[in-house]
**Q** 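Structure incoming, see below.
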Amino acid sequence: MIEGKKVALYVTGGIAVYKVVDLMRELIKHGAVVRVAMTKSASEFVSPLTFQVLSKHAVYTNTFAEDDPSVVNHINLADWADFSVIAPLTANTLAKLANGIADNFVTSALLATTNPIFAVPAMNENMYTNTVTQENIDRLKLRNYMIMTPDVGFLAEGYSGQGRYPEKERIIHEFESFIRSHSDQLPLKGKRVVVTAGGTKERIDPVRYISNDSSGKMGHALAVEAWKKGADVVLVSASHLESPSYINRVVVESARDMHDAVLKEFDQTDAVIMAAAVSDYSPDKMEEQKMKKKDELTLHFKKNPDILKDLGQKKRDDQTLIGFAAETEELLHYAEKKLNAKNADLIVANQVGEKDRGFNVDKNEVTLLSRNHPPRTISLREKSEVSVEIIEWLINFMN
Ligand SMILES: Cc1cc2nc3c(=O)[nH]c(=O)nc-3n(C[C@H](O)[C@H](O)[C@H](O)COP(=O)(O)O)c2cc1C
């Protein structure tokens, strides 16, 4: 989402300036090209040199330092950027922006900005809740501004309150969401995609269960990638991993829960990606109390519903079904069988039981099997990169 975007980063004088150094690095890591402008107060907290070295570009601090006669710097920066980010945004600069004041480089450039502006206010709680600050926020929200709600938490003043600069992850997620809301040519726009993730847990008693090694990383990466391509995503997850706030998540535990959750969504869904490792069996009864130690224990299992098979039977022509085949042997043979037996459109075959790929690690190597096409192997790489390929396949198939 952020990759390739030109981002003008405006830094104003709050105590959180030091955290913005890390935010800038994160934006760069996500592939953004970043140019920084700072107020005089901001450079009291962190030297512009820090931002200069890390962004590999001069930092704008002075409206009248016009070193290049062919441009006016503050207008040039405003015009250059695809998106503007103000972090942290002080109560003072917020008030100036709400009133069209342009008395330094930052406020002058922002008054000349026509691209979407994403702001991260951070300040003392009384400053934040002051009606004048709230009125200023409301005025800017009516223009091209998205203003984040600060966190509630420990403030620099030594007590807890609202106004805290949010965690970097939250800022990045909300910024990605903001960029997406301004992109109208995304290939999965208007499509609804359900992704399942994680290893289901089959309860033996209230504190014990049977599960498998799946972490949910592959499913979560697929959900994020489908969302980035514009889809409305429902992530049905049995994983303990967190997911971005923009992903609509249904928390499930057992195979039966997952079956019910996915089937409930299916009619109004364009594509289902079954990346979860669903247990084939569950104990035929769950003990109500924690089981006591005995000399021997025999558990009886019953077969769980086959979610992929049920979806394959119900599937309409306008729906796409993607399954995963995790095998320790004869991978392609079993995957091919699964493709036909389950009426899937694609099977993503992956070898499990190895240390560097598959369950519970960050990387995977998979082979894509679909009808009328030779198998295509995606060599070992990050699961986020594998998910790009799988979603690309889905986009091509749906078109
Ligand atoms: C130690 C210290 C911390 C400050 N932290 C904040 C802050 O977090 N948020 C804020 O709005 N103002 C904060 N201020 C006040 C601003 O620095 C002050 O309002 C300044 O005029 C803002 O200038 P600027 O908006 O041009 O950057 C702080 C001031 C000091 C001395």
Side-chain angles (χ1 to χ4, degrees), residues 7-24 26-27 34-52 54-55 58-65 73-75 77-78 81 84-113 117-141 143-168 170-171 174-175:
V7 176
L9 176 61
Y10 297 95
V11 187
T12 68
I15 189 68
V17 173
Y18 73 100
K19 296 185 181 172
V20 179
V21 175
D22 202 26
L23 176 67
M24 181 185 73
E26 200 62 27
L27 290 167
V34 181
R35 298 281 179 270
V36 181
M38 298 172 78
T39 61
K40 194 164 175 302
S41 309
S43 46
E44 295 284 342
F45 291 91
V46 173
S47 157
L49 184 62
T50 307
F51 286 97
Q52 175 180 308
L54 296 170
S55 70
V59 171
Y60 304 102
T61 51
N62 180 353
T63 322
F64 297 97
N73 278 335
H74 64 279
I75 304 293
L77 180 63
S84 303
V85 174
I86 320 172
L89 171 59
T90 57
N92 176 56
T93 296
L94 176 70
K96 288 184 186 177
L97 296 172
N99 289 286
I101 293 172
D103 65 347
N104 61 35
F105 190 98
V106 167
T107 50
S108 303
L110 284 164
L111 191 62
T113 293
I117 301 170
F118 179 90
V120 190
M123 62 198 71
N124 166 272
E125 180 172 49
N126 294 336
M127 282 170 113
Y128 181 71
T129 53
N130 193 314
T131 29
V132 81
T133 301
Q134 290 302 314
E135 280 167 16
N136 289 333
I137 289 176
D138 290 344
R139 287 178 81 175
L140 289 178
K141 279 185 176 168
R143 303 189 202 151
N144 51 340
Y145 278 79
M146 145 74 200
I147 302 195
M148 274 186 80
T149 305
D151 275 354
V152 176
F154 194 70
L155 302 172
E157 295 77 3
Y159 54 84
S160 188
Q162 184 162 31
R164 193 180 146 84
Y165 181 86
E167 293 302 322
K168 169 180 79 183
R170 195 186 140 212
I171 300 176
E174 293 202 16
F175 184 50

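Every heavy atom of this structure was used, including side-chain atoms; hydrogens, water molecules and symmetry mates were not. Counting convention: from 1, in listed order, for ligands and their atoms alike.
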**Q** Quick check: does Ala42 get an N/O under 3.5 Å from an N/O on ligand 1?
**A**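 Between Ala42 and ligand 1 (N or O atoms, distance only) the closest approach is not under 3.5 Å.
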**Q** In the protein, what heavy atom is nearest to atom 21 (O) of ligand 1, and what distance, to one decimal place, separates them?
**A**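 Protein heavy atom with the smallest distance to atom 21 (O) of ligand 1: Asn92 ND2, 3.7 Å.
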**Q** Between the side chain of Thr63 and the main-chain N/O of Phe105, is any donor-acceptor distance below 3.5 Å?
**A**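 Yes, Thr63 side chain to Phe105 backbone: donor-acceptor pair under 3.5 Å.
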**Q** Considering the heavy atoms of Thr39, write down every atom of ligand 1 situated less than 4.0 Å from one of them.
**A**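 Reading through ligand 1 atom by atom, the close ones are 24 (P), 26 (O), 27 (O).
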**Q** Return yes or no for this condition: an N or O of Gly14 is under 3.5 Å from an N or O of ligand 1.
**A**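 No.
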**Q** Any chance you could lay out the side-chain contact (heavy atoms from CB on, under 4.5 Å) test for Lys96 and Asp103, step after step, and finish with the verdict?
**A** CA-CA 9 Å; Lys96 288 184 186 177; Asp103 65 347; 3.1 Å; yes
**Q** Would you check whether Lys96 has a nitrogen or oxygen atom less than 3.5 angstrom from a nitrogen or oxygen atom of ligand 1?
**A**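 Looking only at distances, the answer is no, because the N/O contact criterion of under 3.5 Å is not met.
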**Q** Among all protein non-hydrogen atoms, which one is nearest to atom 11 (O) of ligand 1, and what is the separation to 0.1 Å?
**A**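 Result: Ala91 N, 2.8 Å.
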**Q** Among Phe45, Tyr128, Tyr10, which residue places a heavy atom closest to atom 3 (C) of ligand 1?
**A**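 Answer by nearest heavy atom: Phe45.
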**Q** Find all atoms of ligand 1 within a distance of less than 4.0 Å from any non-hydrogen atom belonging to Thr12, and give their numbers and elements.
**A**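 The list of qualifying atoms is 27 (O).
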**Q** Does either side chain, that of Thr50 or that of Ser47, offer a donor lying less than 3.5 Å from an acceptor on the other one?
**A**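 Not at all, the side chains of Thr50 and Ser47 share no donor-acceptor pair under 3.5 Å.
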**Q** Of Arg170, Lys19, Lys168, which is the lone residue that meets salt bridge (Lys or Arg N to Asp or Glu O under 4.0 Å) with Glu26?
**A**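 Of the listed residues Arg170, Lys19, Lys168, the salt bridge (Lys or Arg N to Asp or Glu O under 4.0 Å) partner of Glu26 is Lys168.
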**Q** Whether Glu135 and Arg139 form a salt bridge (side-chain N of Lys/Arg under 4.0 Å from carboxylate O of Asp/Glu) is what I want to check.
**A**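 Not counted as a salt bridge, because no side-chain N and carboxylate O are separated by less than 4.0 Å.
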**Q** Please report whether ligand 1 has a polar contact with Ala122, defined as an N or O pair separated by less than 3.5 Å (distance criterion only).
**A**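 Yes: some nitrogen or oxygen of Ala122 is under 3.5 Å from one in ligand 1.
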**Q** Kindly determine whether Leu77 and Tyr10 satisfy side-chain contact (heavy atoms from CB on, under 4.5 Å), including the steps that lead there.
**A** CA-CA 11 Å; Leu77 180 63; Tyr10 297 95; 3.5 Å; yes
**Q** Within the protein, is there a heavy atom lying under 4.0 Å from atom 18 (C) of ligand 1?
**A**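 Given the 4.0 Å cut-off, atom 18 (C) of ligand 1 does not count as touching protein heavy atoms.
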**Q** Taking distance alone, with no angle check, do Gly13 and ligand 1 share an N/O pair under 3.5 Å?
**A**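 In this structure, Gly13 places an N or O atom under 3.5 Å from an N or O of ligand 1.
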